[in-house]
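A short write-up of the structure that comes next.
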Amino acid sequence: MTLPPPLIEARTVPYSLRRRLTVGMVAGFLAILVVLSIGLWTYARNAANQTYDLLLAGSAIAILERISPTPDGLIVDIPSSALEIVGLAKEDRVFYRIFRLGGSTLTGDPDLPLPPGGVRAGDQPRFFDAPFSREGSRFVLQGKLIIEPTGPDWIMLQLGHTRLARDAMQMDLFSKGLAGLVAIAVLGLVFMRLGINRAMAPLAGIEADIRGREPSDMTPLDAKPPREVEGLIGAINDFMGRLVTSKEHAQSFIADVAHQMRTSLAALQGQLQLAAEQDEPERMRQRLERASEQATRTIRLTNQLLSHAMVTHRGIDEPVEKIDLMPLIRASVEEFLRHPETEGIDIAVLHDDLPAGSALLVADPVALREALRNLLDNAARHGPKDIRIDIGLSRTRIDEREALCISLDDSGPGIPAAEREKVLERFYSLNRAGGGSGIGLSIVNAVARSHGGRLALCDSRLGGLRVELDLPVDGPA
């Protein structure tokens, strides 16, 4: 049987910021170069036209001045110098036509093309382009009013030449200007590339710093980055600071767990060894009962340690949702009362000041359920068998934020005021002999902190301990 080839996980190739900047700048330079080239081409064409149009206009004026009326008719004396001026470029050909406004040709080529819009009387020159003799040509049309014996009449002069010299001049101006633009663009791209490399140099230094570090080195980056990257460096330093804090907490927690589990298992092993050494059945039974009690404590300690780790992990991930506290409290109480050892405990849930469905907040229901279970278990374990527990729910505020307060009053022995801060620490218990692990209230305190709330211990109106768990309505800040 031939196995299919393993699937190769597609890797996303990281893009190059330097390449992106370079491509963007090159595209920008090219766009600017195209726009400037169009403008330069237009400028070169206008400059060539203006230069040669002056020659056309001057020659036209010189020819029109040599047209004069006589009794026998019009005399047209075209000076050779006028045509020579127009034909300064040897490769260009010159065309002309002198005709009356009515259309009759006096001299010249009668097939010359007329301007767009036709011929109009006037002594102002009109320049236009038109093809003639299979070549592009440029013409000027200008008139002169002649007083003849038969009356006044407009004599029109059309003078033109091919565009070879004009186009050559235009191309010369354009090519020289474009060469300068290209040189400027190339220099700009070179300096742009140097600027990008200079700007990216601090990032390369930061990368080298991070790569050269030992895995345990979490000291902040000592870099002077540009302003645009300063926020990134600050975020990296903050993240490393949080990693250091998390690592320290994890190491402390693991050390405490190892110590507590070692102590508990050693006590269990000691009880079993003592039971094995007893010859009398009654004493052996007593030792086995103590070993069973120690095993129960060890199981409870293990469960609470797992609960503490779970609450801490969920507090980091913040899996919050909008929940109604009252059904959650009732479900936690019902679950607690199902255990046989809770027989005789009197629990009341008080919420007179909150209408149904109004105790809504954004929180992690699993973590809150774990906190309530530990509060109830803590009160039951440290109080008498017929302990009374009142659970209240009311509105409060935390630093100007709307919040809900879950309170728990019991009739147990309470906690001395001097010990209330200490019992919030892990593994600190006032009743080691009674099976206390010292984790229950620390779990509740961790839930309060992960939700941006607070936990307070004070005297209860029932004579025991009052625990207040305040939680902001809009969730962790």
Side-chain angles (χ1 to χ4, degrees), residues 249 253 300 303-339 342 345 347-382 389-399 401-410 420 423-426 437-458 460 465-477:
H249 288 173
F253 182 72
R300 182 172 179 273
N303 291 332
Q304 286 200 310
L305 289 173
L306 292 175
S307 298
H308 193 287
M310 181 269 294
V311 167
T312 303
H313 173 73
R314 294 180 69 87
I316 295 174
D317 291 343
E318 297 184 0
V320 295
E321 59 185 78
K322 195 167 187 178
I323 61 174
D324 190 345
L325 264 185
M326 189 51 61
L328 187 142
I329 292 175
R330 291 189 179 278
S332 299
V333 172
E334 292 174 359
E335 181 182 356
F336 174 74
L337 292 176
R338 291 194 188 103
H339 298 282
T342 60
I345 296 178
I347 298 181
V349 180
L350 310 174
H351 60 95
D352 296 337
D353 59 337
L354 289 177
S358 63
L360 301 176
L361 81 163
V362 178
D364 178 10
V366 176
L368 287 186
R369 194 177 295 113
E370 190 67 27
L372 290 171
R373 188 183 68 80
N374 278 275
L375 287 176
L376 292 170
D377 184 71
N378 190 70
R381 184 170 296 278
H382 297 285
I389 301 175
D390 289 348
I391 300 178
L393 187 59
S394 59
R395 297 191 181 278
T396 184
R397 302 191 73 82
I398 301 177
D399 298 332
R401 298 173 65 194
E402 186 179 355
L404 291 174
C405 174
I406 304 174
S407 61
L408 189 145
D409 291 272
D410 64 54
R420 289 171 185 169
V423 296
L424 299 181
E425 301 174 1
R426 288 197 306 266
S437 62
I439 301 180
L441 287 177
S442 67
I443 291 177
V444 180
N445 193 34
V447 173
R449 290 200 306 268
S450 66
H451 284 76
R454 62 193 175 194
L455 179 66
L457 306 179
C458 52
S460 170
L465 179 69
R466 177 179 175 86
V467 181
E468 295 181 349
L469 176 60
D470 298 337
L471 302 170
V473 172
D474 54 359

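Look at R373 and E370 and you find a salt bridge, because one of the NZ, NE, NH1 or NH2 atoms lies within 4.0 Å of a carboxylate O, short of that distance.
Residues I347 and D390 are not in side-chain contact: their nearest non-hydrogen atoms beyond the backbone lie 4.5 Å or more apart. Side-chain contact between I391 and L375 is absent, with no heavy atoms from C-beta onward closer than 4.5 Å. In this structure, K322 and L360 have side chains that are in contact, with non-hydrogen atoms separated by less than 4.5 Å.
None of L457, L469, L455 except one satisfies the side-chain contact (heavy atoms from CB on, under 4.5 Å) rule with N445; the exception is L455.
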- Item | Criterion side chain to side chain contact (heavy atoms under 4.5 Å, CB included) on L361 and D474, from CA distance to verdict | CA-CA 6 Å; L361 81 163; D474 54 359; over 6 Å; no

- Message: V473 vs L404, test: side chain to side chain contact (heavy atoms under 4.5 Å, CB included). Steps then yes/no.
- Response: CA-CA 7 Å; V473 172; L404 291 174; 4.2 Å; yes

- Task: Decide yes or no on side chain to side chain contact (heavy atoms under 4.5 Å, CB included) for T342 and L376, but give the supporting numbers first.
- Result: CA-CA 10 Å; T342 60; L376 292 170; over 6 Å; no

- Task: Kindly determine whether I329 and L368 satisfy side chain to side chain contact (heavy atoms under 4.5 Å, CB included), including the steps that lead there.
- Result: CA-CA 9 Å; I329 292 175; L368 287 186; over 6 Å; no

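Across all their heavy atoms, C458 and R420 have their closest contact at CA-NH1, 3.6 Å. In terms of heavy-atom proximity, H339 sits nearest to E335 at CD2-O, 3.6 Å.
Judged purely by atom type and a 3.5 angstrom limit, D470 has no side-chain atom pairing as donor or acceptor with the backbone of R454.
Residue I406 holds its CD1 atom at 11.5 Å from CD of E468, rounded to the nearest 0.5 Å.
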